[in-house]
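Encoded as structure tokens, the structure appears first; notes follow it.
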Amino acid sequence: MAEDTLMLNLRSDSVPYFQRPATSKEKWASKKAQKRKSSGIQVAPSKRGFYSFEKDPKTKDILSHEDTEEENEQTNQVTVSKPAPKAAAKALSSEISKPAQSNQTQPKSKSKHVGEHKGDDRAFIKTSSLFKNNPDIPDVHRPAVTQLKEKVFTSDSFAEQDLHPHLVATLTKVLNVTSMTSVQKETIPVLLSGRDAVVRSQTGSGKTLAYGIPLVQSLQAVEPKIKRGDGPLAVIVVPTRELAQQSFQIFQKLLKPFTWIVPGVLMGGEKRKAEKARLRKGINILITTPGRLVDHIKNTLSIAFSAVRWLILDEADRILDLGFEKDLMVILNSLNSTGPPRQNVLLSATLTDGLSRLAGICMKEPVSIHVGENAVLSSKSTPNPDTAQGQPDSFAVPERLQQHMVVVPSKLRLVCLAAFLLSKCKFEKDHKIIVFVSSCEAVEFLLTLFNAVLCGPKAKQQPLLSFFRLHGNMKQEERTEVFHDFAVCKTGILLCTDVAARGLDLPQVTWIVQFNPPSTPAEYVHRVGRTARIGEKGSSLLFLTPAETAYVTSLANHNISISEMKLETILSTLMLDDRFTVRGKYDSKKSSGALEQEVRERATVLQTEFENFVHADDNSVQVAKRALQSFLRAYTAYPSSMKHIFHIKTLHLGHAAKSFGLRDAPQGLVSSGNGSNKDRGQTKNKDKRPPMKKLSAKEREASLMRSEYACGIDGNSKKKKRKKKTHAEGEEDSID
Ligand SMILES: Nc1ncnc2c1ncn2[C@@H]1O[C@H](COP(=O)(O)OP(=O)(O)OP(=O)(O)O)[C@@H](O)[C@H]1O
């Protein structure tokens with residue numbers, strides 16, 4: 001079935017399709033309604049062009065009861081007439097057959113639900129209607145935008161640069177690159193001439209080699225030959241451990257013909273003692289995360305910077321962010337106090353105000369290299385001060401990147417994500433997807449849930465969906481393993497936090513899904529930049545709730561244009577999956593109204609499976625609650641410039657809870673001081689759990705760095721100690 005032929009109206013004014021467990025009176029009325037319906041309920045296009053049932057006034061008596069319930073957002077009991085087919089049913093059966101301990105109000109009817117064992121006469125699934133009382137999906141205002149274009153490749157070969165022939169041979173034979181990219185063509189000669197540089201070019205355009213090649217060229221030419229014992233001649237600072245590992249591997253390749261130059265990596269999560277030993281032996285090109293370098297500056301006697309002649313800050317705008325600034329100051333002070341004159345290079349796809357500040361701190365008349373639309377702009381000047389005056393920066397994204405967004409009411413977020421992943425990984429071939437989520441807990445929650453409900457025991461023999469996870473609460477060995485496994489796999493879904501947003505070069509990623517919008521447009525650019533690299537194709541999908549659609553304008557202010565994908569189109573994939581049917585195989589001759597109804601039914605079956613899994617035992621309820629709480633905390637941490645779009649007051653806690661498979665809004669998650677849903681009557685602190693702490697604006701920004709957006713991103717060492725004490729999340733725990 002062509003996906004886009006199916007359009008549903010998800011607005012709350014369409015007729016609900018699930019009814020409460022019927023009383024005998026209702027059953028009778030229901031039969032009557034069925035008759036009326038088969039005699040031709042009206043289907044008419046809605047004003048947005050979708051089809052919706054016109055309410056037949058005669059059915060009002062049947063519907064009014066449910067309507068009243070829905071208005072009060074009470075829980076409905078949904079009866080699904082037929083056991084779910086095969087895989088999902090089996091996957092869930094063990095979980096579902098456990099009594100839902102936390103649910104005291106389970107009705108005693110004998111109807112079965114999807115996924116139940118035959119003969120299990122447990123009554124109803126409890127779930128409030130997915131398709132009622134959702135906010136209207138607004139028409140999204142998409143301002144006209146001229147996207148910046150950057151040409152990725154040039155026709156010039158590396159041989160045209162003044163490089164050692166062995167280096168050129170290594171590029172061709174080991175790294176498989178022959179012609180230079182635009183940023184390489186501009187940057188290599190500038191750096192070979194000894195100048196400082198600020199380099200900006202789109203994601204996946206080859207910035208690593210743009211600084212790596214001149215660095216290796218210059219170090220191999222040093223006379224007398226560099227010795228290991230000389231210590232670091234180059235320090236490369238990157239924001240995450242995975243990026244440190246990746247850059248290290250590139251230098252290992254580049255240095256193949258120059259074996260006397262030793263690269264090394266220092267990063268959080270590794271054993272300090274082993275790193276100290278390596279530092280003592282000598283590392284000439286030192287690749288490091290900021291926090292761990294500061295750690296060694298303070299605690300390792302054998303670290304000496306007297307020979308350092310290169311400082312490279314990759315993802316420089318990130319390194320200047322709150323949380324890294326102090327670390328950077330310690331590093332710069334330590335480097336500045338000793339050593340020969342130094343060449344400094346800052347690189348990123350999103351140079352911002354902060355970068356200009358940084359350039360002022362550590363650079364001497366840097367050359368600004370900005371790969372622009374019509375030509376490669378290169379000016380021998382300091383960075384443009386205009387960008388420091390609050391003017392939004394324009395960001396280029398890869399030309400072959402197709403960007404989409406979907407507006408999804410909170411209640412439908414979980415089924416929409418699942419339907420999207422199924423559509424790509426089950427019903428299409430060879431997709432590799434990265435899903436960005438706002439917290440470590442949410443990653444863990446989704447991983448467990450999707451593995452159980454979407455994969456299940458049968459699917460495990462022949463897994464169609466294979467999930468990976470990456471976040472800052474994982475042990476370092478596991479992080480390294482996942483990073484490697486996802487890099488080499490052909491198909492798979494990586495659920496991750498922003499730990500994977502910057503710099504990572506994971507081959508053949510086809511889709512980037514942002515389940516939670518990132519904190520800034522710059523982070524958006526980096527996330528989507530994990531696909532469509534080096535001239536390849538790629539796609540991205542951003543989830544927004546109806547209240548968050550102004551984010552599209554915010555992106556447009558940075559010259560980012562995004563098209564809309566319809567929620568209905570994504571959900572219609574469920575029609576391809578008979579695990580979620582309630583009526584057997586779909587009859588393609590059915591009317592569009594019946595089709596609409598069946599999609600909704602299937603979405604509800606899927607949501608019910610999620611909820612059953614979550615409510616199968618207390619532990620999984622707690623996991624879901626923690627994930628919800630971390631989501632709320634992350635929501636409070638959006639920077640003030642984004643608060644007009646992402647304010648916790650606009651969240652409906654009950655609906656948000658549903659997107660974590662919870663049937664009810666948990667009590668006492670958010671304090672009123674934090675912008676709670678108190679005004680919606682959602683949080684009557686009945687239980688004893690402490691409310692979330694009220695944070696100052698600064699603390700909130702810092703928490704943003706620590707919790708969601710920095711899960712695994714090195715912070716400063718003070719924070720590490722504090723976090724260790726409080727068992728807070730983040731990669732710092734693993735620093736020994
Ligand atoms: N001249 C080249 N020809 C072909 N491929 C290249 C060339 N230079 C780099 N690449 C490849 O392009 C990919 C992206 O390079 P790189 O990771 O350096 O991009 P980037 O600009 O640093 O991206 P990001 O901004 O996301 O960090 C890598 O796989 C790299 O091997």
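All figures in this text were calculated on a predicted structure; none of them were measured in a lab. Numbering of ligands and ligand atoms starts at 1, following listing order.
By the 30° and 60° cut-offs, the orientation of the rings of H164 relative to H166 is tilted.
Heavy-atom contacts of S205 reach the following atoms of ligand 1: 19 (O), 20 (P), 21 (O) (cutoff under 4.0 Å). If you number the atoms of ligand 1 from 1 as listed, the ones under 4.0 Å from a heavy atom of R530 come out as 26 (O). Those atoms of ligand 1 with a heavy atom of E315 less than 4.0 angstrom away are 27 (O). Here is the list of ligand 1 atoms found below 4.0 Å of a heavy atom in F158: 1 (N). Close approach of ligand 1 to L209 (heavy-atom distance below 4.0 Å) involves ligand atoms 8 (N), 9 (C). Listed by number with element, the atoms of ligand 1 under 4.0 Å from a non-hydrogen atom of T208 are 16 (P), 17 (O), 18 (O), 22 (O).
No N or O atom of T203 sits closer than 3.5 Å to an N or O atom of ligand 1. Taking only nitrogen or oxygen atoms, main chain and side chain alike, M180 does not reach within less than 3.5 Å of ligand 1. At least one N/O-N/O distance between G204 and ligand 1 falls below 3.5 Å. Checked against a 3.5 angstrom limit, the closest N/O atoms of Q246 and ligand 1 fall outside it. Considering backbone and side-chain N/O of K207, one or more are found under 3.5 Å from N/O of ligand 1. Residue N176 has no N or O atom closer than 3.5 Å to an N or O atom of ligand 1.
Side chain to side chain, Q184 and T181 meet the donor-acceptor criterion of an N or O pair below 3.5 Å. For S182 and E186, the side-chain atoms include no donor-acceptor pair closer than 3.5 Å. Between T480 and Q245, the side chains place a donor N or O and an acceptor N or O closer than 3.5 Å (distance only, hydrogens not considered).
With respect to atom 12 (O) of ligand 1, the closest heavy atom belonging to the protein is I534 CD1, 3.3 Å. Looking only at protein heavy atoms, the nearest one to atom 17 (O) of ligand 1 is R533 NH2, 3.0 Å. In terms of protein heavy-atom proximity, atom 19 (O) of ligand 1 is closest to G206 N, 3.2 Å. For atom 8 (N) of ligand 1, the nearest non-hydrogen atom of the protein is Q184 NE2, 2.8 Å.
Residue D505 touches ligand 1 through its side chain alone, judged by heavy-atom distances below 4.0 Å. The proximity of Q202 to ligand 1, defined as any non-hydrogen pair under 4.0 Å, is limited to the backbone. Within the 4.0 Å heavy-atom criterion, the part of S179 lying near ligand 1 is the backbone and not the side chain.
For the pair T170 and F258, the minimum side-chain heavy-atom distance is 4.5 Å or more.
Scored by the salt bridge (charged side-chain N to carboxylate O under 4.0 Å, His left out) test, E275 finds R292 as partners (sequence neighbours excluded).
With hydrogens and angles disregarded, no donor-acceptor distance shorter than 3.5 Å links the side chain of R469 to the backbone of V482. The closest donor-acceptor contact from the side chain of Q343 to the backbone of R195 lies under 3.5 Å. Side-chain atoms of K432 come within 3.5 Å of backbone atoms of C489 as a donor-acceptor pair (strictly under, hydrogens ignored). Side-chain atoms of T172 come within 3.5 Å of backbone atoms of V168 as a donor-acceptor pair (strictly under, hydrogens ignored).
Taking all heavy atoms of V177, T350, V238, I250 into account, the minimum distance to atom 4 (C) of ligand 1 is reached by V177.
The ring of F395 has its center no closer than 6.0 angstrom to the ring center of Y524. Aromatic pair Y211/W310: centroids not less than 6.0 angstrom apart. In this structure, Y638 has its ring center under 6.0 Å from that of Y635.
Of the protein's heavy atoms, at least one falls inside 4.0 Å of atom 24 (P) of ligand 1.
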